[in-house]
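To keep things clear, I will list the structure first and then write my remarks on it.
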Amino acid sequence: FGSVSTVAWNGYEVKTIGDAFMVAFENTCDAVSFSLSVQEGLVEAVWPVGLLQLDHCSYNDDGPWCGLRVRIGVHCGEVDAQLNSLTGRYDYFGNTVNKTARMEGACIGGAVAVTPEVMDELREREEVDVLDAVVISMGSTKFKGIEQHVRPFLLLPLSLLDRRTFIESQLLLSREDRRIKVQQ
């Protein structure tokens, strides 16, 4: 996660799954704050020169990009926690984990995708305004393994607001792609 520590946000790296990380947090605000900090930290990270020469990894007209464009998904709720006898650490299973994975998959690289439950939790705690992030609606979406449509949101740190036009254009393209698939 670059210079961003999960411990500083009361987080716990559960495991890696391919190139993804599963991280659990004590509360929703810490999870979202950590995620926004990761996006900011990725811009500040020192990346190999060869990587920065790639179109999608360099600072360009699409906004402040420097390095990889990482997707982050956040959801909150009850999980089935099971102690892994080999590692001595807890692993998490269930619908909350599934929905979190779907948020990550739907996210646009460089932003943080959150569920309505996350936004509700932040609003209840009156913590939405302290996040220093812009909120972009992703519209209603149907996800594999989730019965009802979900209306997720993208969060973008205010410090990376130059990314907004690019993020919104990618969001429109993904909506159009979903519309075409439904019509087929």
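Values below: every heavy atom of this structure, side chains too, minus hydrogens, waters and symmetry copies. Residue numbers run from 1 in the order of the sequence given.
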Considering only heavy atoms from C-beta outward, does the side chain of [X] approach that of [Y] to under 4.5 Å?
X: Ile146; Y: Asn98; answer: yes
X: Trp47; Y: Cys57; answer: no
X: Pro116; Y: Val150; answer: yes
X: Asp132; Y: Pro157; answer: no
X: Leu51; Y: Leu68; answer: yes
X: Phe34; Y: Asn10; answer: no
X: Met103; Y: Val74; answer: no

Can you name the nearest heavy-atom pair linking [X] to [Y], along with the distance?
X: Ile167; Y: Gly110; value: CD1-C, 4.4 Å
X: His75; Y: Val118; value: CA-CG2, 3.5 Å
X: Trp9; Y: Ser37; value: CZ2-OG, 3.4 Å
X: Leu52; Y: Gly67; value: CD2-N, 3.5 Å

Check against side chain to side chain contact (heavy atoms under 4.5 Å, CB included), Val112 and Val32: CA-CA 8 Å; Val112 178; Val32 172; 5.6 Å; no
Verdict with supporting geometry, Leu42 and Cys66, side chain to side chain contact (heavy atoms under 4.5 Å, CB included): CA-CA 7 Å; Leu42 289 168; Cys66 183; over 6 Å; no
Main chain of [Y], side chain of [X]: is a donor-acceptor contact present, judged purely on distance under 3.5 Å?
X: Arg89; Y: Glu13; answer: yes
X: Arg102; Y: Lys144; answer: yes
X: Gln39; Y: Val70; answer: yes

Name of the residue among Met119, Lys99, Met138 meeting side-chain contact (heavy atoms from CB on, under 4.5 Å) with Pro152: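 Single side-chain contact (heavy atoms from CB on, under 4.5 Å) partner of Pro152 among Met119, Lys99, Met138: Met138.
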Worked verdict on Thr28 versus Arg125 for side chain to side chain contact (heavy atoms under 4.5 Å, CB included): CA-CA 10 Å; Thr28 304; Arg125 294 172 158 235; 5.8 Å; no
Stepwise side chain to side chain contact (heavy atoms under 4.5 Å, CB included) test for Val134 and Leu155: CA-CA 6 Å; Val134 65; Leu155 302 180; over 6 Å; no
Single-linkage hydrophobic cluster Val79~Met22, side-chain heavy atoms < 4.5 angstrom: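 Yes, one cluster joins them.
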Straight-line distance of Glu117 CD to Thr96 OG1, nearest 0.5 Å: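 Between Glu117 CD and Thr96 OG1, I get 8.5 Å after rounding to 0.5 Å.
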